[in-house]
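See structure below.
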There are 2 protein chains.
Amino acid sequence: MSPVDTKQRILEIAAELFARQGYTGTTIADIAGELGTTTAALYYHFPSKQAILIGLLAGPIRAYSRLLDGLDSGESTPQDLLTAIIDICADSRELATIFDRDPAALAMIDSQLPRSSAEMTAQTLAALAGPHPGRAALIRANAALAVAKAATLAALDLGGGALADADRAEVLAAALRSLAEPVKTPAP
Amino acid sequence: MSPVDTKQRILEIAAELFARQGYTGTTIADIAGELGTTTAALYYHFPSKQAILIGLLAGPIRAYSRLLDGLDSGESTPQDLLTAIIDICADSRELATIFDRDPAALAMIDSQLPRSSAEMTAQTLAALAGPHPGRAALIRANAALAVAKAATLAALDLGGGALADADRAEVLAAALRSLAEPVKTPAP
DNA sequence: GTCTATACCCGGATAGAC
DNA sequence: GTCTATCCGGGTATAGAC
């Protein structure tokens with residue numbers, strides 16, 4: 001099989017297993033077994049298990065990193081940011097799962113990323129919470145981010161791996177509602 | 001040191017490390033080191049690493065399981081359910097983190113729980129989504145559950161480990177907003 | 001209840017033939 | 001590009017003295 005295809009298949013298999021069993025819970029033998037080869041064959045395509053994880057996440061994380069770069073300079077609204085997050089998660093159910101549910105794996109490759117995963121989350125929350133946020137605003141920012149990730153994953157499962165337009169709108173609306181400062185009822 | 005105290009200390013240390021590094025990412029040696037003993041000493045108090053995880057989660061999971069039992073028979077509203085989830089998460093930042101972010105660890109002890117973690121999540125979502133839910137209702141249920149867990153964790157971090165009343169109210173409000181079906185603007 | 005020492009296994013990784 | 005064979009380290013767990 002041509003090397004590029006095999007490399008791609010390894011990445012697909014790894015994405016699925018990492019999402020299901022976690023990164024540390026998945027062995028090289030698991031991947032090789034699914035691929036139908038021995039573990040040694042894997043090392044022709046990737047120098048290490050970590051390299052597979054990086055090969056999987058580097059692209060999406062660079063995209064996300066660029067998104068964050070555009071925040072300071074640009075005119076992005078929270079809605080733009082949440083939409084972008086939803087679309088990134090929608091790109092791959094597996095990657096979104098790893099990103100959302102395996103922080104330990106992310107931390108393991110932090111040093112080889114353009115910025116640390118903690119930093120990216122912090123910047124995202126800061127952008128969602130707005131300038132000089134109080135505790136309530138920070139809580140709402142966390143809520144909105146959680147919705148964008150978790151509800152997108154749920155929608156992907158409902159849609160058989162694809163995110164329907166109506167579902168995307170529903171996720172975004174839910175995230176925006178959780179982000180919105182509730183209207184205070186004025187004292188009578 | 002009296003056995004009960006040591007056992008308790010082990011659980012506390014394990015909770016913190018499991019939350020920070022994940023279950024598989026934490027070694028018995030890590031726990032023993034933090035405890036100031038050798039790994040062998042740990043095995044006087046717990047027969048296995050899994051037993052530590054179970055000792056940690058069995059109580060809260062039983063509580064959550066009872067909560068779900070009460071749903072069918074009782075008159076619980078989504079608000080009651082979300083409040084209960086928030087309070088369970090607020091009980092221990094560490095346990096909530098494990099529960100939310102380490103599904104692989106939960107799956108590992110599934111067989112020894114009153115019901116599987118997947119089953120518990122499914123029942124929770126069903127209760128939040130209401131009878132005969134459409135896709136949109138299921139998405140909103142997922143959103144609300146994600147808010148209850150993630151925003152509570154955020155609030156605990158903001159509050160130094162405790163959940164202030166105002167913060168609890170903010171989390172619940174955000175979860176309820178994400179759950180609420182948006183009012184449809186009637187065609188003119 | 002904790003120690004020293006160690007058995008045992010498993011997972012990541014390498015060497016070298018084909 | 002994939003194989004067989006193997007090394008090596010680290011992690012769980014045990015034996016038995018103190």
Side-chain angles (χ1 to χ4, degrees), chain A residues 1-58 98 102-112, chain B residues 1-58 98 102-112:
Chain A
M1 191 177 293
S2 84
V4 54
D5 282 358
T6 302
K7 216 167 170 174
Q8 201 51 42
R9 263 205 81 209
I10 291 171
L11 288 176
E12 286 164 16
I13 292 168
E16 207 249 314
L17 292 178
F18 290 170
R20 252 202 357 241
Q21 313 175 343
Y23 173 73
T24 49
T26 301
T27 68
I28 295 283
D30 288 339
I31 301 174
E34 202 67 29
L35 184 66
T37 67
T38 61
T39 66
L42 278 186
Y43 284 90
Y44 174 81
H45 302 279
F46 291 93
S48 70
K49 186 185 174 189
Q50 266 206 20
I52 299 177
L53 183 64
I54 293 172
L56 222 40
L57 296 176
I98 298 170
D102 207 339
L106 288 184
M108 226 170 284
I109 60 170
D110 251 1
S111 60
Q112 291 156 79
Chain B
M1 191 178 293
S2 83
V4 54
D5 282 357
T6 301
K7 217 168 171 174
Q8 200 51 42
R9 262 205 81 209
I10 292 171
L11 288 176
E12 285 165 16
I13 292 168
E16 209 248 313
L17 292 178
F18 289 170
R20 254 203 353 243
Q21 314 174 342
Y23 173 72
T24 49
T26 302
T27 68
I28 296 283
D30 288 339
I31 301 174
E34 202 69 27
L35 184 66
T37 67
T38 61
T39 65
L42 278 188
Y43 284 90
Y44 175 81
H45 301 279
F46 291 92
S48 70
K49 187 185 173 187
Q50 265 207 20
I52 299 178
L53 183 64
I54 293 172
L56 222 40
L57 296 176
I98 299 171
D102 206 340
L106 287 184
M108 225 171 284
I109 60 170
D110 249 3
S111 60
Q112 291 156 79

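In the text below, chain A, chain B and the rest are named by the order of the sequence lines, each starting its count at 1.
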I'd like a table of atom pairs between the protein and nucleotides 12-15 of chain C - only N or O on both sides, under 3.5 Å - with the distance next to each one.
{"residue": "C:dG12", "atom": "OP1", "partner": "A:Lys49", "partner atom": "NZ", "Å": "2.9"}
{"residue": "C:dG12", "atom": "OP2", "partner": "A:Ile28", "partner atom": "N", "Å": "2.7"}
{"residue": "C:dA13", "atom": "OP2", "partner": "A:Tyr43", "partner atom": "OH", "Å": "2.8"}
{"residue": "C:dA13", "atom": "OP2", "partner": "A:Lys49", "partner atom": "N", "Å": "2.9"}

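- The shortest side-chain heavy-atom distance between B:Leu11 and B:Phe46 falls under the 4.5 Å cut-off.
- The CD1 atom of B:Ile52 sits 11 Å away from the C1' atom of D:dT12 (whole-angstrom rounding).
- At least one donor-acceptor pair closer than 3.5 Å links the side chain of A:Asp102 to the backbone N or O of A:Tyr23.
- If you run side-chain contact (heavy atoms from CB on, under 4.5 Å) between B:Phe18 and each of B:Leu57, B:Leu53, B:Ile13, only B:Leu53 comes through.
- B:Phe46 has its CZ atom 16 Å from the C1' atom of D:dT12, to the nearest Å.
- With sequence neighbours excluded, the residues that form a side-chain hydrogen bond (donor to acceptor under 3.5 Å, both in side chains) with A:Thr27 are A:Asp30.
- The nearest whole Å value for the distance from the NE2 atom in A:His45 to the P atom in D:dC3 is 9 Å.
- A heavy-atom distance below 4.5 Å is found between the side chains of B:Met108 and B:Thr24.
- Of the residues in residues 12-20 of chain B, none lies under 4.0 Å from DNA chain D by heavy-atom distance.
- Applying the side-chain contact (heavy atoms from CB on, under 4.5 Å) test between A:Ile10 and each of A:Thr37, A:Leu56, A:Ile31 identifies A:Ile31 as the sole match.
- Following rounding to the nearest Å, A:Leu42 (CG) and D:dC3 (P) show an atom-to-atom distance of 10 Å.
- At distances below 3.5 Å, not a single donor-acceptor pair connects side-chain atoms of A:Thr39 with backbone N or O atoms of A:Ala29.
- Listed pair A:Thr38 / D:dC3 meets the phosphate criterion, a side-chain N or O lying under 4.0 Å from OP1 or OP2.
- A:Tyr44 is not listed as a side-chain neighbour of A:Thr6, based on a closest heavy-atom distance of 4.5 Å or more.
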